[in-house]
Amino acid sequence: MDNRLIRVLVADDMEAHRRRLERVIAQTAGIECVAHADSAGAAIEQASLVQPDVILMDIEMDSQYAGIHAAKEINEKFPHIKIIVLTVHKDENFIFSAFQTGIMDYLLKTASNEEIAEAIMAAYYNRSPIRPMIAEKIRGEFARVKRAESSLMYVIQIISELTPSELQVLRLLCEGRSRKQIAEERYVEYETIKKQINSILKKFKQASISEVIESVNELRIFEVLKKL
């Protein structure tokens, strides 16, 4: 460990809470508060000016997600700065969205002085824990991605079995066209479109075309095909 003080920026729009964090820092050996901010914009500005080692960032300042947006911008511009978000929320989705910006850790605003000091030290030395709530969310996200990958390959395999006409009909359905509109656009009989949709359903092994459309749109199949 080096002997240099860990330089901390405190960003919180509530003065009372900001003062509390500054007191915790002042009472902790090896840490100093070099600046504070009362808005997301001020946090970004101060991060640029003072280049702190760690930022304690309130999530809700100017707006509900202001701290998350600020964390994202700071991480993109200054990836060496470690960010800890402060929140009153225990909702895992809310906190997980913060982690997707590149933050190191999160603390509930009810955290003790010791927890705050330990979190700052851990972030600075890249030792921040993956807390149980986030670990579970990460596991779930990996599982979701794996399922999506499997679904994508399965649907693309079926798509490859469609005739050019069926593929065009499916694309138009996914764009929100009705059967009648597709028949008019393709200059064919309405019954022809019905037969092509039935063929699509058989290949997808589905009873409803709305289920096929939902799956294809959810996986953004036609966006993927454009890139191939």
Side-chain angles (χ1 to χ4, degrees), residues 1-138 141-142:
M1 292 186 182
D2 56 50
N3 295 316
R4 188 174 72 85
L5 292 176
I6 299 171
R7 304 168 69 254
V8 181
L9 164 61
V10 175
D12 197 306
D13 64 342
M14 291 184 62
E15 185 175 359
H17 197 257
R18 204 165 60 239
R19 297 298 182 205
R20 182 214 167 190
L21 294 171
E22 290 171 351
R23 284 195 300 273
V24 171
I25 292 168
Q27 295 165 5
T28 304
I31 305 174
E32 66 173 337
C33 181
V34 293
H36 66 260
D38 60 4
S39 69
I44 295 168
E45 182 180 354
Q46 288 298 315
S48 177
L49 287 173
V50 304
Q51 296 283 307
D53 300 307
V54 178
I55 299 176
L56 294 178
M57 178 84 75
D58 181 22
I59 284 183
E60 293 188 62
M61 288 189 280
D62 321 56
S63 64
Q64 187 178 22
Y65 296 99
I68 293 178
H69 298 320
K72 182 177 185 295
E73 185 169 338
I74 291 169
N75 187 61
E76 288 172 352
K77 292 179 178 177
F78 313 106
H80 60 283
I81 297 177
K82 311 298 195 300
I83 301 175
I84 300 169
V85 295
L86 303 163
T87 179
V88 295
H89 296 275
K90 293 185 180 180
D91 180 81
E92 63 177 30
N93 292 313
F94 192 85
I95 296 170
F96 191 69
S97 66
F99 270 89
Q100 291 175 314
T101 70
I103 69 164
M104 288 289 290
D105 198 1
Y106 77 94
L107 287 172
L108 296 177
K109 289 197 172 185
T110 54
S112 68
N113 293 359
E114 292 74 20
E115 287 176 311
I116 293 168
E118 288 172 5
I120 292 170
M121 300 285 283
Y124 178 71
Y125 290 109
N126 292 311
R127 296 173 185 164
S128 295
I130 298 179
R131 303 183 190 277
M133 182 191 299
I134 297 303
E136 181 63 29
K137 184 67 178 176
I138 289 172
E141 190 68 7
F142 273 124

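Sequential numbering from 1 along the given sequence is applied to the chain's residues.
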Practice item. Report the distance from atom CG of Leu86 to atom CE of Met14, rounding to the nearest 0.5 Å. Key: 12.0 Å
Revision key, fill the gap. Taking every heavy atom of Val34 against every heavy atom of Pro52, the minimum-distance pair comes out as CG2-CB, 4.3 Å
Review point. Where is the tightest heavy-atom contact between Ala117 and Val24, given as atom of each residue plus distance?
Key: N-CG1, 4.4 Å
Point to revise | Side-chain heavy atoms of Met121 within contact of Arg127, under 4.5 Å | key: no
Tabulate below the donor-acceptor pairs under 3.5 Å that side-chain atoms of residues 66-74 make, not counting sequence neighbours, or state none.
from: Lys72; atom 1: NZ; to: Glu76; atom 2: OE2; distance (Å): 2.6
from: Glu73; atom 1: OE2; to: Lys77; atom 2: NZ; distance (Å): 2.9

Review point. Can you name the residues that form a salt bridge (Lys or Arg N to Asp or Glu O under 4.0 Å) with Asp53, not counting sequence neighbours?
Key: Arg4
**Study point:** Gap between atom SG of Cys33 and atom CD1 of Ile6 - 0.5 Å precision
**Key:** 13.0 Å
Exercise for review: Please examine the side chains of Ile25 and Ile120, heavy atoms only from C-beta on, and report whether any two atoms are closer than 4.5 Å.
Suggested key: yes
Review point. What's the shortest heavy-atom distance between Ala43 and Ala37, and which atoms?
Key: N-CB, 3.5 Å
Review point. When you look at Asn75 and Ile81, which way does the side-chain contact (heavy atoms from CB on, under 4.5 Å) test go after all the steps?
Key: CA-CA 7 Å; Asn75 187 61; Ile81 297 177; over 6 Å; no
Point to revise | Partners passing salt bridge (Lys or Arg N to Asp or Glu O under 4.0 Å) against Glu15 (at least two apart in sequence or in another chain) | key: Arg19
Check your understanding: To the nearest 0.5 Å, how far apart are OH in Tyr65 and CD in Glu60?
Key -> 8.5 Å
Review point. Looking only at atom types and distance, does a side-chain atom of Arg18 sit under 3.5 Å from a main-chain N or O of Val10, one as donor and one as acceptor?
Key: no
Practice item. List the steps, then state whether side-chain contact (heavy atoms from CB on, under 4.5 Å) holds for Arg7 with Val54. Key: CA-CA 6 Å; Arg7 304 168 69 254; Val54 178; over 6 Å; no
Check your understanding: Do Ile116 and Arg20 come close enough that some side-chain heavy atom pair is under 4.5 Å?
Key -> yes
Review point. When rounded to the nearest 0.5 angstrom, what distance separates OH in Tyr124 from NZ in Lys82?
Key: 8.0 Å
Point to revise | Residue list, side-chain contact (heavy atoms from CB on, under 4.5 Å) with Glu45, at least two apart or on another chain | key: Leu49
Study note, to complete from the structure: Correct closest heavy-atom pair for Ile103 and Ile83 would be CB-O, 3.5 Å
Revision key, fill the gap. So salt bridge (charged side-chain N to carboxylate O under 4.0 Å, His left out) across residues 97-125, not counting sequence neighbours, yields Asp12-Lys109, Asp58-Lys109, Asp105-Arg131
Exercise for review: Please test Ile84 against Leu107 for side-chain contact (heavy atoms from CB on, under 4.5 Å), starting from the C-alpha separation and ending with a verdict.
Suggested key: CA-CA 7 Å; Ile84 300 169; Leu107 287 172; 4.1 Å; yes
Review point. Does the side chain of Asn113 pick up a donor-acceptor pair with the side chain of Arg23 at under 3.5 Å?
Key: no
Study note, to complete from the structure: Quick note, side-chain hydrogen bond (donor to acceptor under 3.5 Å, both in side chains) partners involving residues 26-40, not counting sequence neighbours, are Glu22-His36
**Study point:** Atom of Ile55, atom of Ala47 and distance for their closest heavy-atom approach
**Key:** CD1-CB, 4.0 Å
